[in-house]
Amino acid sequence: MDDLIPLGSPGSPPGIEVCKTLAMELSLSPVGRPFRIGVVFSADKISPAAANSLLKVTEEPPGGSKVVFLLERDNLLPTLRSRVGMFNLLAPEMHEPSHHPSDPEAWMRVMRACGSGGKTQWDLPRLRQEIQGWVTQMIRDGMLEEADRVSRLVEILLNHPMSPSMGADMVFLTLEEGLDFA
C-alpha cells in the first residue's frame with residue numbers, strides 16, 4: 001500500500017525527523033489510488049516540535065494528497081487544530097442511531113427528561129448515550145460539522161461533572177444556536 005504513509009504507530013507518536021519527511025512523501029504521484037494519505041498516529045501525543053514540522057503540509061497538502069490525524073483524546077495541539085477539521089467517529093454498533101430533536105416540543109421533552117423545570121428522568125450517562133445516538137445519525141446523514149461539534153460536547157460531558165439539565169442546555173445551544181464549546 002504505497003499510497004498510505006503511516007507516521008508513528010498506535011500509542012506511539014511520530015518524532016520530528018519522521019514528520020519532516022511527510023511533505024516529500026505526499027508530493028509523489030499516487031500508485032494505486034486517487035490520492036496519497038499521510039496518517040499520523042497518536043497525534044494527541046505528538047511533541048510541539050514534530051507538530052510544528054507538520055504545519056505547512058497540513059495547511060496546504062500537495063495536490064493529490066490528504067493528511068489524517070488519529071487521536072485517542074481530543075487533545076491536538078492548537079497550532080494543528082486550527083488547520084484541520086475534526087471528526088469524532090463513533091462505532092455505529094456502540095450507539096443506536098437516533099435523530100436529534102428538531103422542533104420545540106421535542107426539545108421540551110429532552111429538557112423535561114433532564115430535569116429542566118421538573119423531575120429528572122435522565123442522569124448524565126443516559127443523556128450522553130442519547131447524544132451519542134444523535135451523533136451517529138448525524139454522521140450517517142452527512143452532517144459532519146454538527147456531528148463534530150456535538151461529539152466534542154460529549155467529551156466535555158465525560159470529563160466535567162455537571163447536571164443533566166446543564167448538559168441538555170449545552171447540547172441545545174450547540175445544535176440550535178450554533179455555539180461551539182470546544
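Nothing here was measured: the structure is a model prediction, and the numbers come from that model.
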Side-chain touch [X]/[Y], heavy atoms, less than 4.5 angstrom:
X: Ile139; Y: Val135; result: yes
X: Glu146; Y: His100; result: no
X: Phe172; Y: Val110; result: no

Worksheet entry | Contacts of Glu176 that satisfy salt bridge (Lys or Arg N to Asp or Glu O under 4.0 Å) - sequence neighbours left out | none
Discussion item. I need the full list of salt bridge (charged side-chain N to carboxylate O under 4.0 Å, His left out) pairs touching residues 4-21, with sequence neighbours left out, sorted by first then second residue.
Written reply: Glu17-Lys20
Item to complete: Could you pull out the closest heavy-atom pair between Gln137 and Pro97, with the gap in Å?
Response: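 The pair with the smallest heavy-atom distance is OE1-CB, 3.2 Å.
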Discussion item. Looking at every heavy atom in both Thr174 and Arg149, which two are closest together, and how far apart are they?
Written reply: O-NH2, 3.2 Å
Pairs under 3.5 angstrom only: tabulate donor-acceptor contacts from the side chains of residues 52-60 to other protein residues two or more places apart or in another chain.
from, atom 1, to, atom 2, distance (Å)
Asn52, ND2, Pro48, O, 3.3
Ser53, OG, Ala50, O, 2.6
Thr58, OG1, Leu54, O, 2.6
Glu59, OE1, Arg83, NE, 3.4

Worksheet item: Of all residues at least two apart in sequence or in a different chain, which pass the side-chain contact (heavy atoms from CB on, under 4.5 Å) check with Val18?
Response: Leu7, Pro14
Worksheet item: Which residues pass the side-chain contact (heavy atoms from CB on, under 4.5 Å) test with Ser98, sequence neighbours left out?
Response: Glu130, Trp134
Fill in: Counterpart residues, side-chain hydrogen bond (donor to acceptor under 3.5 Å, both in side chains), relative to Ser163 (two or more places apart)
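Expected list: Ser165.
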Worksheet item: Do side-chain atoms of Asp103 reach the backbone of Glu105 as a donor and acceptor pair under 3.5 angstrom?
Response: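 A pair under 3.5 Å: yes.
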Discussion item. Using 0.5 Å steps for rounding, measure from the CZ atom of Arg126 to the SG atom of Cys114.
Written reply: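 Going from the CZ atom of Arg126 to the SG atom of Cys114 covers 9.0 Å.
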Show the atom names and distances, to 0.1 Å, of all donor-acceptor pairs under 3.5 Å that link a side chain in residues 39-46 to residues at least two apart or in another chain.
from, atom 1, to, atom 2, distance (Å)
Ser42, OG, Ser9, O, 3.3
Ser42, OG, Gly11, N, 2.8
Ser42, OG, Ser12, N, 3.2
Asp44, OD2, Arg73, N, 3.4

